[in-house]
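I have placed the structure first, in the form of structure tokens, so that the comments after it can refer back to it.
This one's a predicted model, so the numbers in the text were calculated from it and none came from an experiment. Counting starts at 1 for both ligands and their atoms, following the listed order.
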Amino acid sequence: MSKPVILTGLRANNQLHLGNYLGALLPIVKLQKQYAGQYQINLFVPDLHSFTTPIDHSKLYEQSLNNIRLFIAAGLDIKDQDTYIYRQSFVPAHSELTVILNSFTYMGELSRMTQFKEKGSGQSSVSVGLFDYPVLMAADILLYGAKYVPVGADQTQHVELARDIAIRFNNKFGDIFVLPEAEKQQIEFAHSTNRLRIKDLQDPSKKMSKSAGSDKGIIFLGDDPEVARKKILSATTDSFGEIAYDHETRPGISNLMDILSALSGTPLADVQQKYQGLSQYGEFKKDVADAVVNFLKDFNNKLQAVDDQLCLDKISQSEKEVNQLANQTLAKAQKAVGLRQ
Ligand code: ADP
Ligand code: TRP
């Protein structure tokens, strides 16, 4: 019997930051290790999703490949036989299934999607691509019968929609799609990898995000380590005069503790114990800055060391294989709607 599928995608339309690394790259690397041999892992670059909002198209091709390099530098084992690494647009079934699913998805549902409302609001014109984004995402998931789709909070609504579309389609045509697990099971599964929410260094009430107004609160994976050091040293903390971990009242310090713990591999409880009650914020920040600098240097060395040929070979092998898998599901859907006999 085939193995249950864990599937996730990370868009390649900007520089990735420490939040992406700790919240998206590392969790999938951990899942791969944790479930070695038990699950099939589909990790892909949703390149067709990348220009649902405007981008620099001259960089897209290279950025898609670079995203995959980042996963490898973060520790993803590309030799693992159960892991497929591919680009969405190299598997035409994604686009084909989207067109079919469009006719089983309602305008009302798509209009209610938070991402559409947020990204579309205030724009003089909004593309059909942005509106249809969740249907393409549903095709990404359903083509492989993925059960678990680890994504950030902003994307869970889309996974739920994929499940709703699959249920609707199955009700009409029989058992065509495997359903992704419901929200509760997805959350339980994702939490087993301890997902972190890293905050902006300047405004710790917000998450670290590439859509923030200023770069000062963001550590980019490509930052010069000394620039990153300055960002940490000038991070917003608090005026209590005593270090304590509490995201409600001391979000700045707590965020730095999370970062230190994650990057140094020290359990959070040990970090808390070491600094709790101290008044030297400067000393603490220096330790966090050192951890960030060491991480960036090490990560960039790993990135340089990625074997591009090995990476390209894996991608082209995976793309061959997943095309076959995806086409099998597509054929079932085509038959169900009467396009094929
Ligand atoms: P951004 O907010 O920078 O645009 P995306 O929304 O494209 O990031 O998120 C890409 C992935 O990175 C998602 O899986 C998301 O959950 C994760 N992620 C983004 N920002 C953070 C953060 N600050 N902390 C943890 N994970 C994050
Ligand atoms: N929409 C996701 C994001 O913006 C990326 C994505 C596209 C995805 N298709 C997917 C994630 C399928 C998981 C499964 O982060």
Side-chain angles (χ1 to χ4, degrees), residues 5-29 31 41-53 55 63-64 67 70-71 74 84 86-89 91 94-95 97-98 101 113-116 118-119 129-130 132-163 165 180-181 186-187 189-191 193-213 215 217-221 247 251 255 258-259 262 322 326:
V5 179
I6 303 173
L7 176 145
T8 196
L10 186 60
R11 280 193 304 154
N13 51 358
N14 246 313
Q15 286 197 67
L16 297 188
H17 52 73
L18 192 60
N20 298 135
Y21 175 79
L22 294 174
L25 293 169
L26 263 198
I28 194 79
V29 171
L31 280 175
I41 296 187
N42 282 35
L43 180 61
F44 74 105
V45 181
D47 50 357
L48 289 166
H49 276 111
S50 295
F51 46 94
T52 50
T53 47
I55 58 157
Q63 273 183 346
S64 298
N67 244 29
L70 292 173
F71 275 103
Y84 295 108
Y86 55 97
R87 294 159 292 182
Q88 182 185 44
S89 74
V91 190
H94 289 240
S95 309
L97 185 62
T98 301
L101 296 181
M113 293 290 120
T114 317
Q115 175 178 283
F116 172 69
E118 280 175 7
K119 296 213 164 135
L130 183 64
D132 205 30
Y133 182 111
V135 184
L136 177 56
M137 188 160 157
D140 299 337
I141 296 169
L142 300 179
L143 278 174
Y144 306 96
K147 271 180 111 75
Y148 293 108
V149 187
V151 286
D154 51 330
Q155 295 295 322
T156 56
Q157 209 187 9
H158 295 161
V159 179
E160 277 285 281
L161 179 73
R163 182 176 155 89
I165 296 173
E181 292 286 353
Q186 297 285 351
I187 289 171
F189 189 75
H191 275 191
T193 56
N194 270 334
R195 304 200 123 218
L196 277 178
R197 200 111 281 246
I198 301 300
K199 304 292 176 355
D200 187 278
L201 299 171
Q202 290 296 315
D203 179 358
S205 68
K206 295 202 206 118
K207 73 161 195 155
M208 189 179 281
S209 170
K210 54 192 176 250
S211 29
D215 284 0
I218 311 176
I219 304 283
F220 289 105
L221 295 178
H247 270 285
N255 187 40
D258 282 339
I259 292 175
V322 297

Legend entry - Parallel, tilted or perpendicular: ring planes of F189 versus Y148, cut at 30 and 60 degrees: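 Ring orientation of F189 relative to Y148: parallel.
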Inset, instruction - Assign the ring pair F44 / H94 to parallel, tilted or perpendicular, where the plane angle (0 to 90°) is split at 30° and 60°. - result: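 Tilted, since the angle between the ring planes falls between 30° and 60°.
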Geometric N/O contact [X] with ligand 2, under 3.5 angstrom:
X	answer
Q155	yes
D140	yes
R11	yes
Q88	no

Tell me whether [X] has any N or O atom under 3.5 angstrom from an N or O of ligand 1.
X	result
I198	yes
L10	no
M208	yes
N20	yes

Atoms of ligand 1, numbered as shown, that sit under 4.0 Å from any heavy atom of [X]:
X	answer
D154	6 (O)
G23	25 (C), 26 (N)
L196	24 (N), 25 (C), 26 (N)
G152	14 (O), 16 (O)

Student check: side-chain heavy atoms of [X] and [Y] closer than 4.5 Å:
X	Y	result
M208	L18	yes
R11	T52	yes
S209	I218	no
E118	D154	no
H158	M113	yes
I55	Q63	no

Legend entry - Nearest-neighbour protein heavy atom for atom 6 (C) of ligand 2, which is reported as residue plus atom name and distance: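 Here the closest protein heavy atom is P46 CG, 3.7 Å.
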Inset, instruction - Considering only non-hydrogen protein atoms, determine which one is nearest to atom 5 (C) of ligand 2 and report residue, atom name and distance to 0.1 Å. - result: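 Going by distance alone, atom 5 (C) of ligand 2 is nearest to G9 O, 3.6 Å.
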State whether the side chain of [X] and the backbone N or O of [Y] hold a donor-acceptor pair below 3.5 Å, judged by distance alone.
X	Y	result
Q186	E181	yes
Q88	D47	yes
N67	L10	yes
N255	K199	yes
E160	Q155	no

For [X], counting its heavy atoms only, list the atoms of ligand 2 lying under 4.0 Å from any of them.
X	answer
Y133	1 (N), 2 (C), 3 (C), 4 (O)
V151	11 (C), 13 (C)
V149	13 (C), 14 (C)
H49	7 (C), 9 (N)
L7	12 (C), 14 (C)

Inset, instruction - Look at atom 14 (O) of ligand 1 and find which of P27, G9, A24 reaches it with the closest heavy atom. - result: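 It is A24 that holds the nearest heavy atom.
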Inset, instruction - Report the member of K210, H17, R197, Q155 with the shortest heavy-atom distance to atom 15 (C) of ligand 1. - result: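 Nearest heavy atom to atom 15 (C) of ligand 1 lies in R197.
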Legend entry - Shortest non-hydrogen separation from L22 to L26 and the atoms involved: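 So the minimum-distance heavy-atom pair works out to CD2-CD1, 3.9 Å.
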Inset, instruction - Have a look at ligand 1 and work out which part of L22, if any, has a heavy atom under 4.0 Å from it: side chain, backbone, both or neither. - result: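 Near ligand 1, L22 shows nothing, with every heavy atom at 4.0 Å or more.
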Legend entry - Part of F44 with heavy atoms under 4.0 Å of ligand 2, whether side chain, backbone, both or neither: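 The answer is the side chain.
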